[in-house]
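Working notes for the structure below.
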Amino acid sequence: MKGLTKHSDTEWRIEPTGAMRVPVVIFASEALIRDIDDKVIEQAINVAGLPGIVGAAYAMPDAHWGYGFPIGGVGAFDADAGGIVSGGGVGFDICCGVRTLHTGLDRAAVLAVQKELADALYYSVPVGVGSTGAIRLDHKGMDAMLEGGAAWAVGEGYGRPEDLARIEEQGRMAGADPSQVSDQAKQRQQQEMGTLGSGNHYLEVQAVTEIYDAQIAAAFGLRIDDAMVSIHCGSRGLGHQIGTEYLKRMAVAAPKHGINLPDRELACAPIKSQLGQAYLGAMRAGINCALANRQIITHLARRVFDEFFGTDLELLYDVSHNTCKLEEHVVDGRRRQLYVHRKGATRAFGPGHPDLPPDLRRVGQPVLIGGTMGTASYILVGTEQGMQLAFGSACHGAGRALSRHAATRRWHGRAVQDELASRGIVVRSPSARGLAEEAPGAYKDVSEVVLVAERAGLARRVARLEPLLCIKG
Amino acid sequence: MKSAPSPRRATPSWRHFEHRADIGVEGVGDSPAEAFAQAALALTAIICDPTEVAPKQAIHISCDEPDLELLFVDWLNALIYRMATERMLFSRFDLRIDGARLQANLWGEPVEPERHHPAVEVKGATYTALSVQQHRNGRWRARCVVDV
């Protein structure tokens with residue numbers, strides 16, 4: 001790729017030319033950079049040209065072709081310097097994220113009832129196309145949920161107050177404005193509270209198979225063979241509808257704001273404009289919807305674990321990887337308030353950050369990296385170096401290597417399920433084709449991705465988790 | 001809108017095209033309306049086999065947009081919205097486009113997971129790889145990537 005220079009074994013740069021205001025920085029190994037989609041580089045260059053961008057346009061090791069921003073893209077904007085907020089920089093699934101919970105059980109206890117547990121979780125957590133949740137919210141209830149997030153859910157009896165400390169923003173994103181969320185978006189959410197969705201979303205029971213950092217693992221309460229529950233999903237129909245509606249509004253209004261969009265998906269508005277503020281209010285409501293949703297699914301999983309084992313699930317942490325958040329960062333020795341977009345990138349705050357719960361502040365933020373149903377997930381920890389490298393951000397998952405079509409040409413769903421079963425992983429899903437599309441081989445090697453994240457200094461590996469059972473949409 | 005120079009009548013068609021993380025839908029027909037209807041069929045085919053969806057219930061959709069490309073994305077998003085809120089799949093589309101206005105009658109049925117085996121839900125239609133064009137042979141092609 002022309003203009004791409006190697007800065008270190010894990011960092012590649014494109015210096016500003018043309019419309020670029022800042023450099024592009026890609027965190028990748030030789031192998032990952034060789035396979036990187038040209039579109040990622042093109043999109044990162046486009047991001048580097050957006051008004052008010054600070055530092056650089058970053059691409060994480062799992063970066064792939066997204067909408068406007070690359071997936072695995074990070075961009076920070078200063079409102080006082082004409083900075084923008086971008087719907088494409090957040091994505092359609094606002095606040096998609098992962099939460100991981102301790103079961104208090106070991107692998108053997110889960111394996112003893114593996115199939116029964118998989119069936120019970122599959123029937124308890126609504127999953128897949130057309131599934132509906134049991135909760136119906138009236139207009140007032142919907143607005144309360146959009147303002148309150150997981151804190152609202154706990155107030156409604158879905159979980160415990162102590163869960164909230166282990167969620168970004170303490171479970172409630174401030175500044176949400178439900179009046180900026182259309183009736184259509186609220187309508188789309190009507191039947192979807194507490195549903196997992198489909199595609200790459202899942203609920204897994206996993207076992208800790210490797211510890212890389214004993215001290216941090218102890219602080220996170222992780223031991224070899226511990227059984228954990230991980231939930232990956234987002235803001236469901238409401239977030240998708242907000243994303244769709246604001247993308248159009250921003251694309252249409254861009255010329256009025258004097259913004260030249262090289263790609264309509266980069267649609268954005270100045271933070272200090274009416275539209276920018278409206279989007280931030282709606283997007284924050286979408287964040288709360290996702291936090292409430294993961295909280296409700298946690299409640300459903302807790303009921304199953306209580307029934308099976310008489311045990312509770314204790315929340316390790318909940319991360320979001322499609323967001324734009326106002327954060328304070330030190331840039332060139334100066335403290336600045338920046339709107340940090342993380343599109344398919346995980347917030348990874350280092351030790352001492354004031355936004356971390358007191359009992360984790362000393363060690364840093366747990367960074368939860370979802371794998372695929374056949375491979376591993378990882379728990380990393382945020383580092384001080386990562387705060388300097390990319391505004392406290394790390395990768396978010398494996399990232400697709402093959403398209404859905406290529407995956408279905410190569411694998412059949414039933415065969416995927418059988419192959420996983422032969423390796424001791426029980427999968428439950430309403431769709432065989434959905435399983436084929438999500439076959440583990442369709443993704444990049446997550447181990448390589450997290451290793452590069454660690455070598456680059458973005459975050460450090462703490463533990464590796466492997467699936468025992470997977471509920472897939 | 002420019003009308004097609006009365007091309008030879010050919011069978012309308014749809015296909016999917018590759019996108020690393022998601023998938024593209026493409027419809028081809030003798031008019032924009034026919035291409036849009038075919039692309040809608042391609043959208044259903046992301047979720048399930050469209051031949052398994054019985055055209056039992058009808059709904060109506062209308063959209064307004066200043067240009068055909070925005071109208072195409074609007075049409076698919078309106079369709080995605082109705083699929084999501086009414087928990088339905090659609091297999092028959094009858095569209096009319098007059099200037100900036102699209103009117104559509106759609107037929108389908110409620111999702112039955114055991115019968116339709118839906119693979120994935122569609123989150124939204126995007127502006128990525130978006131184009132609505134008339135080819136030299138007079139045929140119209142409408143395409144974009146959808147987020148799944």
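The figures that follow rest on heavy atoms only: side chains count, while hydrogens, waters and symmetry mates do not.
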Side chain / backbone / both / neither for B:V120 at chain A, heavy atoms under 4.5 Å: both

Heavy-atom nearest pair, A:R188 first then B:A84, reads NE-CB, 3.7 Å

May I ask you to check whether over 12 heavy atoms, not counting those of A:R136, lie within 6.0 Å of atom CZ? yes

Checking A:S131 against chain B: side chain, backbone, both or neither under 4.5 Å from a heavy atom? backbone

Taking every non-hydrogen atom, the tightest pair across B:P118 and A:S431: O-CB, 2.9 Å

Working to the nearest 0.5 Å, report the span between OH of B:Y127 and CG of A:L266. 13.0 Å

What's the separation between atom CD in A:Q184 and atom CZ in B:R82, rounded to the nearest 0.5 Å? 11.0 Å

Where does A:I71 contact chain B at under 4.5 Å (heavy atoms): side chain, backbone, both or neither? side chain

Is it the case that more than 12 heavy atoms not belonging to B:R101 sit under 6.0 Å from its CZ atom? yes

Contact origin within A:A436 toward chain B - heavy atom pairs under 4.5 Å: neither

Any chance you could measure A:E245, atom CD, to B:Y81, atom OH, to the nearest 0.5 Å? 8.0 Å

Just how far is it from atom OG of A:S198 to atom CD of B:E121, taken to the nearest 0.5 Å? 4.0 Å

Pick one: which of A:R409, A:K39, A:R404 meets salt bridge (Lys or Arg N to Asp or Glu O under 4.0 Å) with B:E18? A:R409

Mind checking the CZ-NE2 spacing from B:R15 to A:H405? Nearest 0.5 Å is all I need. 10.0 Å

Sort A:E437 into side chain, backbone, both or neither according to what part of it lies under 4.5 angstrom from a heavy atom of chain B. side chain

Could you measure the distance from the NZ atom of B:K123 to the SG atom of A:C96? Nearest 0.5 Å is fine. 6.0 Å

Atom group of A:Q241 that falls short of 4.5 Å from chain B, counting heavy atoms: side chain

With no hydrogens and no angle check, do the side chains of A:Q187 and B:T85 hold a donor and an acceptor under 3.5 Å apart? no

Please step through side chain to side chain contact (heavy atoms under 4.5 Å, CB included) for the pair B:R87 and A:Q191, ending with a clear verdict. CA-CA 10 Å; B:R87 296 287 188 272; A:Q191 301 181 74; 3.5 Å; yes

Can B:E69 and A:R264 be counted as an ion pair, charged N to O under 4.0 angstrom? yes

What residue in A:V129, A:T244, A:L402, A:D263 has the most heavy-atom pairs under 4.5 Å with chain B? A:V129

What residue, out of B:L89, B:V122, B:I80, B:N77, has the most heavy-atom pairs lying under 4.5 Å from chain A? B:N77

Passing option when A:Y67 is tested against B:T126, B:D22, B:T128 for side-chain hydrogen bond (donor to acceptor under 3.5 Å, both in side chains): B:D22

Around B:H16, counting heavy atoms of other residues, nucleotides and ligands shown, do more than 12 lie under 6.0 Å from its NE2? yes

